[in-house]
Amino acid sequence: MKLWGGRFEKTTDALVEDFHSSISFDQRLYKQDVQGSIAHARMLGQVGVISPAEADQIIQGLHGILEDIQSGKVEFEVGAEDIHMNIEKLLTERIGVVGKKVHTGRSRNDQVALDLRLFLRAEIDKTKDLMATLIRTLLDIAQEHKETWMPGYTHLQKAQPITFSHHVLAYTQMFLRDMGRFNDTRKRLNFSPLGSGAMAGTTFHLDRESVAKELGFDGVTLNSLDGVSDRDFALEFLGATSIAMMHLSRLCEELVLWSSGEFQFITMDDGYSTGSSIMPQKKNPDVAELVRGKTGRVYGDLIALLTVMKGLPLAYNKDMQEDKEQVFDAIDTIQKSLLVVEPMLRTMKVNREVMARGAKGGFTNATDLADYLAKKNVPFREAHEIVGRIVLYCTKKGCGLEDLKLEEFKEFSDVFSEDLFERIGIEYCVRERKLTGGPAPETVSRAIELSTQELEKLI
Ligand code: ARG
């Protein structure tokens, strides 16, 4: 007999039984479901809807169920539909008729909203911990490579010289913002919907606030329709996770590029590379590629849930049962990705000399030569034109700017003098970029300090 079987004359079709049951995936919410039911039962006892002794019996029963689920002793039933009814059914089987009182003043609609909020809150905290570990590793790498010169790129063409430290710090900025987004999501999520009932609240004089307090919420939701039909918190999580995955994906794309034979900026540790079944020489950056690839499924999770929600009339609709698999998938994907990217970065070898060589070629100091002229009062646009012509000259000659003689420079402008050679040295070009946010080693040191402080605030 279904818990809702009273008004039915026939049993559910076997196909439907399987189709609408969510226990195969929502059993992941068992802990939060029990936790929520315990808080609800305690409150029912306190406000006198049930007796304190009945509340105690229910709470004891729920503790036993939790233990048994945790030790693998419980087999869930597809026929009992979802985690909420599975647990309620177990409770009644174990403690008898009192178990049938636990659902007083409550609906699965506010129950599932509660469970998902509790679950996501814990998973946000776990995700943040993993992300903090990744940020710390990036900061360590940045600390070590403040004088590892490398070419910076735009359009994947060499642009200006920077340091590896500076490049890595760009990613710490992204991940720090991701932490902020997770914190924002958590803040807005942290209100208890329990007491919204099916959609119109309840006539029982429940104490919503005490339940919210027991469950660590900052307060209660203020509209019963919204309380059961809001999934913004899940969407915000998926949004924040999508952005974070995009950052991981960009980082991994660079690792793939840098570990290629053409770049050779880094060497991946063997533990984080794989081979080919046919080509004996191969060492592939599969892990980085997979993180890049898995980003797509998280975007899919976000778009799927946005689409599920977009046409739903208020309040609860069964469509919303589709929220959980998306959320679970995104959680698993980002957590596994963070877990594997951190040691992959920590163990990779940075090939300083190759990077430094790369920083020198490709006219990465051309802007500095134009700036040199501009600092000697040549209007910048004219300086740009002059240096452009010098670059063309060098390209034809097959050399770099620093290989020309002073007389050759003078052919293009008589403003040039001997001091230009110092100004277009790669180290000089980087060291002089001291403006906040720039790549100069001393500026980067400060950025590492500030980022470390920022991280502490976000944890
Ligand atoms: N399994 C359902 C879900 O995940 C629980 C809520 C069901 N409510 C209902 N009225 N059918 O959304």
Side-chain angles (χ1 to χ4, degrees), residues 1-8 10-13 15-37 39-40 62 65 69 74 76-92 100 102-123 189 192-202 215 221 223-235 237-238 301 304-332:
M1 173 83 168
K2 299 280 186 206
L3 291 187
W4 41 252
R7 66 97 59 226
F8 285 79
K10 252 176 87 177
T11 54
T12 319
D13 187 277
L15 279 174
V16 174
E17 195 92 310
D18 177 61
F19 183 69
H20 88 143
S21 171
S22 53
I23 188 64
S24 64
F25 50 87
D26 68 11
Q27 54 182 276
R28 261 181 96 159
L29 300 174
Y30 75 86
K31 208 167 130 200
Q32 288 72 26
D33 198 72
V34 169
Q35 212 185 344
S37 290
H40 181 65
L62 287 167
I65 291 171
I69 297 175
V74 171
F76 294 115
E77 283 175 35
V78 174
E81 220 174 295
D82 54 26
I83 188 63
H84 324 293
M85 293 205 297
N86 263 276
I87 288 179
E88 188 182 327
K89 194 161 175 271
L90 275 171
L91 185 66
T92 305
K100 295 187 177 185
V102 69
H103 210 51
T104 314
R106 187 178 71 171
S107 156
R108 272 185 300 155
N109 298 351
D110 56 355
Q111 191 178 358
V112 71
L114 174 86
D115 292 3
L116 196 58
R117 281 175 192 250
L118 286 174
F119 183 83
L120 251 180
R121 191 176 69 187
E123 295 300 329
L189 163 157
S192 171
L194 219 56
S196 302
M199 48 78 68
T202 173
L215 295 172
T221 55
N223 180 289
S224 60
L225 281 96
D226 184 50
V228 292
S229 63
D230 166 32
R231 291 294 180 274
D232 290 4
F233 57 94
L235 289 166
F237 173 77
L238 292 174
D301 295 329
L305 187 55
L306 280 171
T307 312
V308 164
M309 297 303 295
K310 83 184 238 309
L312 298 187
L314 298 185
Y316 178 83
N317 300 270
K318 184 80 168 209
D319 315 44
M320 288 159 70
Q321 180 167 288
E322 288 292 306
D323 56 2
K324 280 165 281 298
E325 283 164 295
Q326 319 303 334
V327 166
F328 296 158
D329 182 68
I331 288 169
D332 293 342

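Each ligand, and each atom within it, is numbered from 1 in the order the structure gives.
Between Gln32 and Leu120 the shortest side-chain heavy-atom distance does not fall below 4.5 Å. A heavy-atom distance below 4.5 Å is not found between the side chains of Asp13 and Phe19.
Residue Asp82 places at least one N or O, backbone or side chain, under 3.5 Å from an N or O of ligand 1. For ligand 1, the polar-atom distance check against Asn109 finds a nitrogen or oxygen pair separated by under 3.5 Å.
Within ligand 1, counting atoms from 1 as listed, the ones closer than 4.0 Å to a heavy atom of Ser22 are 1 (N).
Screening residues 20-36 for salt bridge (Lys or Arg N to Asp or Glu O under 4.0 Å), with sequence neighbours left out, gives Arg28-Asp332.
In terms of protein heavy-atom proximity, atom 12 (O) of ligand 1 is nearest to Tyr316 OH, 2.5 Å. For atom 11 (N) of ligand 1, the nearest non-hydrogen atom of the protein is Arg108 NH2, 3.5 Å. Nearest protein neighbour of atom 2 (C) of ligand 1, counting heavy atoms only, is Gln321 OE1, 3.3 Å.
A salt bridge between Asp115 and Lys324 is absent, with no side-chain N of the basic residue lying under 4.0 Å from a carboxylate O of the acidic one.
Of all heavy-atom pairs spanning Val102 and His40, the tightest one is O-CD2, 3.1 Å.
The side chain to side chain donor-acceptor pair (under 3.5 Å) check on Lys2 picks up Glu17, with sequence neighbours excluded.
Note on ligand 1: Lys324 sits in its first shell, one or more heavy atoms being nearer than 4.0 Å.
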